[in-house]
There are 2 protein chains.
Amino acid sequence: MTLPGTKQRLLDAAERLFADEGFHNTSLRAITGRANVNLAAVNYHFGSKEALLDAVIERRLSPLNAVRRENLEAVRGEARDAGRRPKTEETLRAFIDPTLRFRESGPGAEAFITLLGRILAEPDASLRELFIRRIKPLFLLLFQILRESLPELDERTLFWRLQFVLGAMGHTMCWAGRFGELPEELPAPSVTTEALVRMLLDFLTAGLEAPCATTNE
Amino acid sequence: MTLPGTKQRLLDAAERLFADEGFHNTSLRAITGRANVNLAAVNYHFGSKEALLDAVIERRLSPLNAVRRENLEAVRGEARDAGRRPKTEETLRAFIDPTLRFRESGPGAEAFITLLGRILAEPDASLRELFIRRIKPLFLLLFQILRESLPELDERTLFWRLQFVLGAMGHTMCWAGRFGELPEELPAPSVTTEALVRMLLDFLTAGLEAPCATTNE
DNA sequence: GTCTATAGATTGATAGAC
DNA sequence: GTCTATCAATCTATAGAC
């Protein structure tokens with residue numbers, strides 16, 4: 001059990017600041033200041049500010065994706081063994097549950113989940129790419145399994161419905177820990193992760209399984 | 001029919017650049033350059049960069065919100081006159097249809113819709129506030145009508161489901177015109193606004209009307 | 001209203017001593 | 001690996017001539 005080294009302290013500080021203030025609105029000085037580290041350390045250890053963001057993403061996304069992949073493969077495997085189609089809800093849960101629970105996996109993890117939620121809407125294409133590159137294979141796997149779950153949906157409809165799923169999820173990831181920043185006249189929306197997952201699954205499963213208007217072209 | 005003046009050219013240029021590159025990643029020089037206007041014009045006409053963003057939002061959000069409000073009031077009024085509850089789908093359509101169609105209302109309008117979609121996930125709280133302040137009354141109206149539509153949902157569940165709706169919508173607004181930037185191995189997702197609205201309504205109506213797990217606390 | 005010129009602060013990145 | 005010092009570029013904002 002050693003104290004966190006310079007590299008890890010930089011990752012922690014950057015993770016928090018990128019999530020709270022945004023990449024372009026966070027200076028290297030703010031990061032190194034929060035990390036109690038010399039200004040030059042970022043470029044020494046990571047090479048550039050953007051490479052630091054990449055490392056922030058890599059550090060936590062890699063294990064998170066491993067769990068999600070395992071879960072998805074398990075759902076597919078069990079369905080195959082039983083000679084049935086994977087259920088929409090268990091497919092979704094395999095993906096969503098570890099994601100939202102990840103917030104509780106330690107300090108900084110909630111900041112990371114917020115960061116992920118926000119990067120989906122990131123205007124700077126080169127920053128978005130850092131994330132897309134690392135998530136695309138998993139996204140394709142999810143798409144593939146959902147296609148098995150919902151063979152009556154045409155591909156384009158499924159594609160867009162999956163986008164709706166990602167949008168709802170990303171928004172939730174941005175805001176799960178941050179009420180009441182927004183609402184005053186609204187019901188106190190504090191909620192356990194358990195209940196949030198339940199609500200998301202109910203909503204998204206129903207949306208994905210909704211009857212489809214005749215394929216329009 | 002006059003040529004667009006300095007002020008309007010600045011709004012047009014800023015709208016596009018804020019949507020494409022992000023607020024903090026867009027310099028006043030980039031804006032005035034694109035607008036073919038002197039650097040000092042921004043501060044003369046608007047006072048600051050942030051006030052320029054505010055004006056960009058105000059210009060188009062004001063009429064868009066007026067239409068959405070009118071539609072929502074009409075849905076509520078018709079339901080009351082007929083002595084029934086407003087239907088979830090027509091409530092959603094009153095809000096969503098004008099929003100997505102707004103993209104086609106002129107050059108720059110698609111950039112604006114992208115900008116709106118992105119600002120939901122904006123990390124900089126003071127920028128988010130510019131938008132929240134202008135959307136909150138409409139959001140409360142939507143919440144209120146949906147509560148009439150779905151009286152069997154507890155308030156907290158409805159609140160979160162409405163967040164899921166906003167997330168899916170915002171994500172769609174970000175990406176509606178931008179495929180295929182993302183996908184290569186995926187079905188060409190080009191789609192008419194008509195079909196997109198149809199798909200969103202099918203998905204979100206089913207999600208909102210999904211049976212609710214017993215109220216958990 | 002539009003321009004030039006520039007103040008004044010901050011940025012990401014690097015060179016070189018230790 | 002860590003530090004100081006600094007470069008060169010960029011930024012928002014403003015003063016003042018026209």
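Chain letters run A, B, ... following the sequence lines, proteins first, then strands; residues in each count from 1.
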Has [X] got a side-chain N or O lying under 4.0 Å from the OP1 or OP2 atom of [N]?
X	N	answer
A:Asn43	C:dG12	no
A:His45	D:dT2	yes
A:Ser48	C:dG12	no
B:Thr6	C:dT2	yes
B:Ser27	D:dT10	no

For the side chain of [X] and the backbone of [Y], is there at least one donor-acceptor N/O pair under 3.5 Å apart?
X	Y	value
A:Arg118	A:Ala19	yes
B:Lys49	B:Phe23	yes
A:Thr157	A:Leu153	no

Can you tell me how far [atom2] of [N] sits from [atom1] of [X], to the nearest Å?
X	N	atom1	atom2	answer
A:Asn38	D:dA5	CG	P	11 Å
B:Leu39	D:dT12	CG	C1'	8 Å
B:Glu50	D:dC11	CD	P	18 Å
A:Leu28	D:dA8	CG	P	19 Å
A:Asn25	C:dT10	CG	P	13 Å
A:His24	C:dG12	NE2	P	10 Å
B:Tyr44	D:dC18	OH	C1'	14 Å
B:Lys49	C:dT10	NZ	P	15 Å

Taking only the side-chain heavy atoms of A:Arg29 (C-beta and beyond), determine which of C:dA13, D:dT14, D:dT12 contains the nearest atom. C:dA13
Compute both the distance and the angle, then confirm whether A:Arg68 meets the cation-pi test with A:Phe95: under 6.0 Å from the six-membered ring centre, within 45 degrees of the axis. yes
For side-chain hydrogen bond (donor to acceptor under 3.5 Å, both in side chains), just list the numbers for A:Gln163 and B:Thr172, CA-CA rounded to whole Å, side-chain angles, deciding distance to a tenth of an Å, and then say yes or no. CA-CA 7 Å; A:Gln163 293 299 326; B:Thr172 304; over 6 Å; no
Applying a 4.0 Å non-hydrogen cut-off, can you work out what A:Thr32 is touching in the nucleic acid: base, sugar-phosphate, or nothing? nothing
